[in-house]
Amino acid sequence: MTVNPTLLRELPADLHRDRLPRHVAVIMDGNGRWAKQRGLPRIMGHRRGVDTLKDILRCCKDWGIQALTAYAFSTENWGRPTEEVDFLMTLFERVLRQELREMMEEDVQIRFVGNLNALPKSLQLEIERSMQQTQQNRGIQFTVATNYGGRQEILQACRAIATKVQQGLLQPEEIDEALFEHHLYTAGGDLDLMIRTSGEMRISNFLLWQVAYAELYVTDTLWPDFNRTEFHRALSTFQQRDRRFGKL
Ligand code: FPP
């Protein structure tokens with residue numbers, strides 16, 4: 001761990017506790033570029049990315065943010081070279097195994113969303129184990145989007161609802177936003193702030209339904225260099241925004 005975890009341990013004084021986002025999502029972009037800039041293989045960027053994610057998760061907990069969702073692997077990421085995909089799958093598995101004890105100590109409830117059936121069996125088992133063991137934890141809800149696609153999430157919700165209608169369990173008029181949300185992977189969690197590192201102004205198929213009224217924050221900083229100071233900046237910007245939800 002290169003980031004000093006005692007740095008900015010407390011919520012910075014200029015942030016208002018009662019106006020913090022409840023749920024923050026991160027698109028952790030720039031790992032490959034970070035490594036390339038240093039003449040390192042791309043996988044070293046992903047390794048450093050894990051350290052950043054751990055510190056931002058701990059920071060959310062220290063500062064009183066209730067939920068963090070991280071985009072670890074998109075449905076499009078299968079198109080990367082096999083060695084990189086294999087490395088990422090092994091990395092997820094190893095991190096889960098290594099961090100489970102700490103997640104229990106820190107009261108983290110971990111959940112995975114996405115098409116998990118397509119992941120390697122050994123990773124599926126580790127995912128299952130970590131979700132089961134941490135399900136009673138209430139310190140912070142940590143959601144990892146793995147083999148996740150926003151359109152796919154919406155499609156599977158449509159299919160599940162259509163099946164219920166076909167079976168006569170549901171009338172089309174009963175389909176409203178609340179019911180629809182209930183069929184998404186991320187049931188029941190409005191998103192307040194989406195952060196993207198490394199400068200790209202794109203949503204990249206992440207939480208398409210949930211992002212509807214979220215604030216977007218994009219920084220040029222590459223994910224391995226993102227830290228509590230940067231996160232503080234994102235939260236300050238969030239608190240300066242006037243969230244009108246379409247009203248005046
Ligand atoms: C995007 O950077 C990053 C990823 C596709 C992987 C992110 C995964 C982690 C940080 C590991 C998380 C681990 C767990 C267990 C949750 P990029 O490779 O697209 O970077 P580039 O745009 O510079 O090429």
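In listed order, ligands and their atoms are each counted from 1. Predicted model, so just to flag it, every value in this text is computed and none were measured.
- Taking any N or O of Asn31, backbone or side chain, at least one lies under 3.5 Å from an N or O belonging to ligand 1.
- Distances from ligand 1 to the non-hydrogen atoms of Ala72 include at least one value under 4.0 Å.
- Heavy-atom separations between Leu96 and ligand 1 are all 4.0 Å or longer.
- Summarising the contacts of atom 5 (C) of ligand 1 with Thr197, Asn77, Ile43, Val26, the nearest heavy atom is found in Asn77.
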- prompt: Under the salt bridge (charged side-chain N to carboxylate O under 4.0 Å, His left out) criterion, do Lys61 and Glu102 qualify, and how do the steps go?
  reply: CA-CA 13 Å; Lys61 200 177 161 231; Glu102 216 165 316; over 6 Å; no
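- In summary, the atoms of ligand 1 found under 4.0 Å from a heavy atom of Val144, numbered by their order in the structure, are 16 (C).
- Ranking protein heavy atoms by distance to atom 15 (C) of ligand 1, first place goes to Val95 CG1, 3.8 Å.
- Side-chain contact of His23 with Gln141: a donor-acceptor pair under 3.5 Å is absent, judged by distance alone.
- Side-chain atoms of Thr219 and Arg233 include no donor-acceptor pair closer than 3.5 Å.
- Taking each of Arg33, Met28, Arg47 in turn, the one with a heavy atom nearest to atom 9 (C) of ligand 1 proves to be Met28.
- Annotation: Arg101, atom CZ; neighbour count of heavy atoms from other residues, nucleotides and ligands within 6.0 Å does not exceed 12.
- Looking only at protein heavy atoms, the nearest one to atom 14 (C) of ligand 1 is Phe92 CD2, 3.9 Å.
- Annotation: atom 4 (C) of ligand 1 to nearest protein heavy atom, His46 CE1, 3.8 Å.
- Glu181 and Trp209 form a side-chain donor-acceptor contact under 3.5 Å, judged by distance and modelled atom types alone.
- In this structure the side chain of Phe73 reaches within 4.5 angstrom of the side chain of Met89, judged on heavy atoms.
- Under a cut-off of 6.0 angstrom, the local environment of CZ in Phe180 is crowded, with over 12 non-hydrogen atoms contributed by other residues, nucleotides or ligands.
- Of the protein's non-hydrogen atoms, Arg42 NH1, 3.0 Å is the one closest to atom 24 (O) of ligand 1.
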message: For Asp29 and Arg196: C-alpha separation, side-chain torsions, deciding distance, then whether salt bridge (charged side-chain N to carboxylate O under 4.0 Å, His left out) applies.
response: CA-CA 7 Å; Asp29 202 9; Arg196 181 170 191 145; 3.0 Å; yes
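- The N/O atoms of Tyr71, backbone and side chain alike, include none that comes under 3.5 Å of an N/O atom in ligand 1.
- Contacts between Arg80 and ligand 1, counted as non-hydrogen atom pairs separated by less than 4.0 Å, involve the side chain only.
- Residues Leu53 and Trp34 fall into different hydrophobic clusters, defined by Ile, Leu, Val, Met, Phe, Trp and Tyr side chains chained together at heavy-atom separations under 4.5 Å.
- Residue contacts with ligand 1, taken as heavy atom pairs separated by less than 4.0 Å, involve Leu53 solely via side-chain atoms from C-beta onward.
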